[in-house]
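Nothing here was measured: the structure is a model prediction, and the numbers come from that model. Chain letters run A, B, ... following the sequence lines, proteins first, then strands; residues in each count from 1.
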Number of protein chains: 2
Amino acid sequence: MSDILTKQDNSHTIAELIRSQLNKFSPAEIKIVNHLLANYPMSGMVSITELSENCGVSTPTVMRTLKKIGYSSFTTFQKELKEELQQTLSDPITKHDKWAADAPESHVLNRVADTVTTNLRHSLNQVSYEQFDAIIDLLAEQDKALHIVGGRITSAFARYMNTHLEVIRENVYIFPEAVALWPHHLLKIKPNDVLIVFDVRRYEQDLITISRLANARGAKIILFTDQWLSPIASEAIHTLPIRIEGKSGWDSGVVTLFFAEAIVVALEEKLWTQTSERMRELEDMFDLTERFKKRIE
Amino acid sequence: MSDILTKQDNSHTIAELIRSQLNKFSPAEIKIVNHLLANYPMSGMVSITELSENCGVSTPTVMRTLKKIGYSSFTTFQKELKEELQQTLSDPITKHDKWAADAPESHVLNRVADTVTTNLRHSLNQVSYEQFDAIIDLLAEQDKALHIVGGRITSAFARYMNTHLEVIRENVYIFPEAVALWPHHLLKIKPNDVLIVFDVRRYEQDLITISRLANARGAKIILFTDQWLSPIASEAIHTLPIRIEGKSGWDSGVVTLFFAEAIVVALEEKLWTQTSERMRELEDMFDLTERFKKRIE
DNA sequence: TTTTTTATGTAATGTACATTACAAACTTAT
DNA sequence: ATAAGTTTGTAATGTACATTACATAAAAAA
């Protein structure tokens, strides 16, 4: 992976700033800068009172030292320290700065890209590995049927997921397109079956109803929703709160698909022995029907 | 309520403590926990005043939320957050592991995230603004009908795009699901109509055929394909070569959806006057059918 | 509807804090 | 040794903050 992204502020850390002036300090001041550097950067993330106590000096001495270093006040010093920490902690996905750098933010492509990566970053923070793994474990139980349903917009994701999961495991069913047929499909749901529901705003009454009924029949519900949580969340045993917010009003579905795909990939890996067999059979059938071109690779 | 009880429950991080209670919160409280988790952990390293402003709620609401989570005061909450941060920073091996964003590549979620962002970056490099804008211009001509078709897997994207474009402009048609009906639908295509085709490997014979026939009827084809290019590329006037490669064999659809969405957003902006009108009408119809819950925000 | 409960914000209060003013102690130069 | 400069601490002050008490608004129940 190309690492065109370079840390531009390496020479501008507060630690560097202090080290470059190490000779100008008086005894009490040396106590302070030593402590700051030794426990960098958390040593500075306390009140000036506490900091002075930790260094064994008085608060005014801390103030004078910081002014000597180049800050007008303790407050501004701490603010900069926080920013530096923030930047250090910001995650790898922010690497999109790379393309944002040589491309004007203004173009739609870049704005959408920016939104999507932000949504992705935030969504990843909302979902714990434990929860995700628990979902995969649940989906791996093939004696229980898996049903999938989505709403006006999200039915596309339901379909995408269904197409893939169908290959990976047995007993996968998608709800029919016509809402009128949903109650009928509901009859197929048995206790402990799993139901994957996609419901992002605006939350749909039909989905809520179907979820309640499925729940009453003993189904376990996995919910894909947005950060504001569909009402179905109270029926679900696993809820994925996905950030879908677009800056200028529109809601993005990309990250929702991302999680659907992540589940597909994870399940495929978990059930690989079986999946590979099913895939081979599928390939054979494709060959027979001659619907597809031969693999290029 | 004692503070000693706070972190007993196996949750190693405050983030997990919050996530384990995600269903207990009221609207304003959800705002807070979302913000805390989204910008974790630095979101908590500010004054309670600033935090409340960042969340758009009042300071007492922040206090109450933190008490609900299990802290006796904002101060103790922040103290624990600092300790957690301290510990994470001082342990170079598990460094950042606890935060999804910076987590080890090993977990599926992170591997998929990495793949997707790489694909996105590469794809953006392949598509010029000029070409993208040309596509938008073409789609903005509403006197010409717009037809959409996808394959076994990509039909989900065709559907997603259709659902959105239908709202934005007139004269949008998606091909029926059953391939047997495609020739029939072909009759609706008039000279200079636009046809959006999704075709990624393995390239499908039916799509190739339909594209040739549509081309013969004078349709202009916009093609969503992968980096190896579907044979349809020779029939298309605009080709979007999208990187779909997954590291361990699987093909990702996320970036394909990204481009579909980017087109939707761009077209919506271009046709906004008209789109907003159509959306308003759609809202009215939703209200009448009572299929959807009222908007929250 | 009316009442009760829940949710949220406004305003007041006391505390911890950053900052400043000033004085004491220490150092250096003559 | 003593005056000038330097370093450091004590105490005072004003501000920002966390916290609490109360009021109002919204939702749920009767």
One thing to verify: whether B:Arg159 and A:Glu177 come together as a salt bridge, which I'm taking to mean a side-chain N less than 4.0 angstrom from a carboxylate O. yes
Using a cut-off of strictly less than 4.0 Å between a heavy atom of the residue and any atom of DNA chain C, enumerate the qualifying residues of residues 49-56 of chain A by number. A:Thr49
C:dT15 P sits how many Å from B:Ile48 CD1, rounded? 18 Å
For the atom pair CE (A:Met63) and OG (A:Ser72), what is the distance rounded to the nearest 0.5 Å? 8.0 Å
Counting only side-chain nitrogens and oxygens, does A:Ser26 get under 4.0 Å of the OP1 or OP2 atom of D:dT8? yes
Measure from NZ on B:Lys79 to P on C:dA16 and round the result to the nearest Å. 13 Å
Expressed as a whole number of angstroms, how long is the span from B:Met63:CE to D:dC17:P? 15 Å
Quick one: A:Leu66 CG to C:dT20 C1', roughly how many Å, whole number? 15 Å
Does any N or O in the side chain of A:Asp193 come within less than 3.5 Å of the main-chain N or O of A:Ala145, such that one atom is a donor and the other an acceptor? yes
Rounded to the nearest 0.5 Å, the CG atom of B:Leu267 sits from the CE atom of B:Met161 at a distance of 8.5 Å
Contact class for A:Ser47 (heavy atom, under 4.0 Å): base, sugar-phosphate, or nothing? sugar-phosphate
With the criterion being N/O to N/O and under 3.5 Å, what pairs connect the protein with nucleotides 22-26 of chain D, and how long is each?
none

Determine, step by step, whether A:Asp251 and A:Val200 satisfy the side chain to side chain contact (heavy atoms under 4.5 Å, CB included) criterion, reporting the C-alpha distance in whole Å, the side-chain angles of both residues, the deciding distance to 0.1 Å, and the verdict. CA-CA 9 Å; A:Asp251 288 341; A:Val200 299; over 6 Å; no
How long is the gap from CD1 on A:Ile32 to OG on A:Ser43, to the nearest 0.5 Å? 11.5 Å
Can you tell me how far CG of A:Asp199 sits from CG of A:Leu207, rounded to the nearest 0.5 angstrom? 5.0 Å
Could you tell me if A:Gln131 and A:Ser128 have a donor-acceptor pair between their side chains, going purely by distance under 3.5 Å? no
Once rounded to the nearest 0.5 Å, what's the spacing between atom CZ of A:Phe175 and atom CD1 of A:Ile148? 10.5 Å
CD of A:Glu29 versus P of D:dT7: gap in Å, rounded? 7 Å
For D:dG9, take OP1 and OP2 only and decide whether either is under 4.0 Å from a side-chain N or O of A:Thr61. yes
Atom pair OG1 (A:Thr59) and CZ (A:Arg64), whose distance is rounded to the nearest 0.5 Å: 9.0 Å
Should the ring pair A:Phe157 and A:Phe198 be called parallel, tilted or perpendicular, given that the plane angle runs from 0 to 90° and is split at 30 and 60? tilted
Choose from C:dG9, D:dT19, D:dG9 the nucleotide whose nearest atom is closest to any side-chain atom of A:Ser58. D:dG9
Those residues of residues 67-77 of chain A lying under 4.0 Å from DNA chain D by at least one heavy atom: none
For B:Lys31 and C:dA7, what is the distance between atoms NZ and C1' respectively, to the nearest whole Å? 12 Å
